[in-house]
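Accompanying notes for the structure given below.
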Amino acid sequence: MPPHPETWLRVTPSGLFCEPGGFYIDPQRGVDRAVVTHGHSDHARPGHTHVLATAETLAVMRERMGEDRAGVTQQPLGYGQVLDINGVRLWLRPAGHVLGSAQVCLEWQGSRVVVSGDYKRRPDPTCAPFEPERCDVFVTEATFALPVFIHPPADHEIARLLRSVELFPERTHVIGCYALGKAQRLIALLRQAGWDAPIPLHGALMRICRLYEELGVPLGELVPATVQGKQKLAGAIVLAPPSAIADRWARRLDDPLPCLASGWMQVRQRAKQGGVELPMVISDHADWPELLATCAEVEAGEVWVTHGREEALIHALGLRGVRGRALHLVGLGEEEEDE
Amino acid sequence: MSVSAFAELLERLTFTPGRLGKLALMQNWFATQGDPDRGIGLAALAGELVFRTAKPALLRDLIAQRTDPTLFALSYDYVGDLAETIALLWPPDAGSNLPPLSLTEVVETLETAPKAELPQILTSWLNSLDAGSRLALIKLVTGGLRVGASARLAKTALAEWAKVDVGEIEEVWHGVAPPYRSLFAWLEGQGPRPDPNGAPVFRPLMLAHPLEARDLAALNAPDWRAEWKWDGIRVQLTAGPGGARLWSRSGEDISGGFPEILDAMTFHGVADGELLVLRDGEVAPFADLQQRLNRKVVTAKMLREFPAAVRLYDLLFDGEEDLRALPFDERRARLEAWYAREHPQRMDLSPLIPFTSMAELAEIRAGTRAASIEGLMLKRGDSPYTPGRIRGPWWKWKRDPLSIDAVLMYAQRGHGRRSSFYSDYTFGLWRGEELVPVGKAYSGYSDVELLWLDKWIRNHTINRFGPVREVERGLVLEVAFDAAQYSTRHKSGVALRFPRISRLRRDKPVEEADRLETLEALIESRIAVPAEDTPSE
């Protein structure tokens, strides 16, 4: 009888700890050995001694926190390559969340756990698609774990945006979006929809976009929004962090029409806060049906929920005969409150 | 055209704060949709579509049959709005391959379907739609779109699209019905002007410009008539064989909120006047009238405690006779004769103020300090009744504003173009050692002052409550206002009329800002409702 994962994968104040392997997954404070699922700052913290992640995630960490804080040693691991760490078999599978995002698959004495990190199941031209892996315990996020969250197809939302640009050609559509992942996916979706114009960017988005291009994700012509004249920005689609679209930064735009691309935009009251005029439901997380389908697909008898709206998900899994457990991991989901 | 196009229109209207943006969206609807959908959309926006058969309870039953109660409760708790929760939670039917549902089909079906078939019809529609369209459908069938667009705004958009005056649309509005084929045909030059057939019609009002010093100098006293400028709301009363209506200044039908006025409209004609709360002939503070505004139904208690009346000052139609081309003096004579003849209940005449020189009138104005009077109205004796705000024939001559030096306490961001600025200010006065908020202002300052205020607020924030910032007690604002009135609804006990920021007093230490007693001394009418009678909202 293989050992129950509870006996070898524990919740500690620093995060999930694999005892026989001696490493943490997405630890919230500096540790000796960290496995990092992806580069968002609530998962990739600075100050670890050894960091194991995909080459892309390591590159993102170096870009965002600087060489010296992104781990004393960095060990890249490709998807599907298997390591043996003190008898724990470890490999990575694509999570489809952002470039380089990975699920951490662990097997010890015949007992298998998949720590998915954040993930989505929709096509994303900027990263590898999610690959389900059978396991005994599936560790999932629950950011959008309410049945009201059913994300529409992203190309519908892009089409609404383009219709709005047509209807208000004298205004500047400025889309609030998260700097890592969402911004690049939006640009790629716009390019797919035929939007060939240069895309002006807020300074905070430029570095990660350049990094994506260096890592082989083409994004077309990108220009800094700040050096454009107001007139030149009329009719443009500009990308900026969510905090900037209705604040002082946006004053340099000509009659800006604030848009926000986030899964939270599904709910109007939430969308109405902050002066958004065009909410766009585009999410890099699994929606409700996808969370349930993924839990079923990996055939796990038990699902652990790291962060988000665990109550609804655990209830729904219970109705399907799957045991759910809330891990209440502190710190996760913080950076992505606005995705 | 499908329900989904209409859903997109509603969604954009909901999130577009500016009037111009909303007008553009509605015009685009009229320009791109065909008959009959464009007319059904218009009817929905104008609040003219009412289906009595579909009630929220029915939808609640339908969703209960399809969802786990725990998941429904968690979802409703998170979303907060029943219609939206249902729209989002409805399990989509992947196998549904019905053709896109059209607005016309929805309306025609709902008008004819027997009540017993409604659950099944709604179910099949909801199955075939996406979440946004489900929300639009639910709002459509239960009434109440709540997209921040009034009937008047919809008509204005239609007028701008058709390049006619909105008054022309108002004139024929009650001669047309959804889906307004005859109206669109007429506007496109394809058909005759629809006949309103005696139904009550709103006539756009004649409005006055504020009088400035340079205009005053040019006025020759014998040409002018003066009236008090009452502190109520401007209304138009339309009554005849086709029915009676009470309209607000912008043409909203507010009849439902004032049944006692409607009952008194037994005459045939169109009159112009001021809606007030009157107790024993005394005009109550504006806050009392506010209790009566924006209500669909009125309780007997409201009618008793806040009795409404109309003070008349013009007559536009006497029976079917249009008086609008007549000079003011003739209309006034007709108004007085008409009043003597009809003597409608709950109405009186706004008196003309006798004067012989502009200097005398200026003195009268300086002496007006009753809370119910905002100043004077000046009307040329020979002025016809011309809709709109035309410079020259009518002036409003408000009394000089009062002012206080108050301390900035809280700031909130504005809307639309001002959404990046802290532009709404709550200010307070000293009562003992504490500051008591006395009002809120969001105008009066220059662009330069707004920039400075925004920066000051960001640098002096001590607390945040959602969109509101509490600031250090460190800035004195000179606040101008038209009147101070006694109020039981405000913590300070005082309500200000039209407060605005007149000056930033960066030089003044906050300890030297005014005290609440100073403001209380400016209250002119002590008539107020005792606290226990204040209706709960």
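Numbered from 1 within each chain, the chains take letters A, B, ... in sequence-line order. Since we're looking at a predicted model, the values are computed, not measured.
- For the ring-ring contact (aromatic ring centres under 6.0 Å, His included) condition, no pair includes a residue of residues 154-175 of chain A, sequence neighbours left out.
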- Begin with the C-alpha distance, continue with both residues' side-chain angles, and end with the deciding distance and a verdict on salt bridge (Lys or Arg N to Asp or Glu O under 4.0 Å) for B/Arg12 and A/Glu277. CA-CA 7 Å; B/Arg12 289 307 304 268; A/Glu277 290 188 38; 5.4 Å; no
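- Only the side chain of A/Trp288 comes within contact range of chain B, with at least one heavy atom under 4.5 Å from a heavy atom of that chain.
- Counting heavy-atom pairs closer than 4.5 Å to chain B, the top-ranked of the candidates A/Pro152, A/Pro289, A/Ser164 is A/Ser164.
- Of the atoms belonging to A/Arg163, it is side-chain heavy atoms, and not backbone ones, that fall under 4.5 Å from chain B.
- Among residues 70-78 of chain B, the residues having any heavy atom closer than 4.5 Å to a heavy atom of chain A are, in sequence order, B/Thr70, B/Leu71, B/Leu74, B/Ser75, B/Tyr78.
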- Message: Pair B/Leu451, A/Arg251 - check side-chain contact (heavy atoms from CB on, under 4.5 Å), show working.
- Response: CA-CA 11 Å; B/Leu451 264 176; A/Arg251 289 179 202 162; 3.6 Å; yes
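- The environment of CD in A/Glu311 is sparse: at most 12 heavy-atom neighbours from other residues, nucleotides or ligands sit within 6.0 Å.
- Shown here for A/Leu167 and B/Leu25, the closest heavy-atom pair between the two residues is CD2-CD2, 3.4 Å.
- Looking at A/Pro256, there are no atoms closer than 4.5 Å to chain B (heavy atoms on both sides), in backbone or side chain.
- For the atom pair A/Leu260 CG and B/Phe15 CZ, the distance stands at 10.5 Å (nearest 0.5 Å).
- Looking at B/Thr14, the atoms closer than 4.5 Å to chain A (heavy atoms on both sides) sit in the backbone and in the side chain alike.
- With chain A as partner, the option from B/Asp454, B/Leu135, B/Asp68, B/Thr67 having the largest number of non-hydrogen pairs under 4.5 angstrom is B/Asp68.
- Interatomic distance, CG of A/Leu146 versus CG of B/Leu88, reported as 10.0 Å (0.5 Å rounding).
- Interface residue A/Ala312: backbone and side-chain heavy atoms are both found under 4.5 Å from chain B.
- Here the closest non-hydrogen pair linking A/Gln266 and B/Glu84 is O-OE2, 3.5 Å.
- Heavy atoms of other residues, nucleotides or ligands lying less than 6.0 angstrom from CD of B/Glu188 number more than 12.
- The environment of B/Asp447 atom CG is sparse: at most 12 non-hydrogen atoms of other residues, nucleotides or ligands sit within 6.0 angstrom.
- With a 4.5 Å cut-off on non-hydrogen atoms, B/Leu20 does not touch chain A at all.
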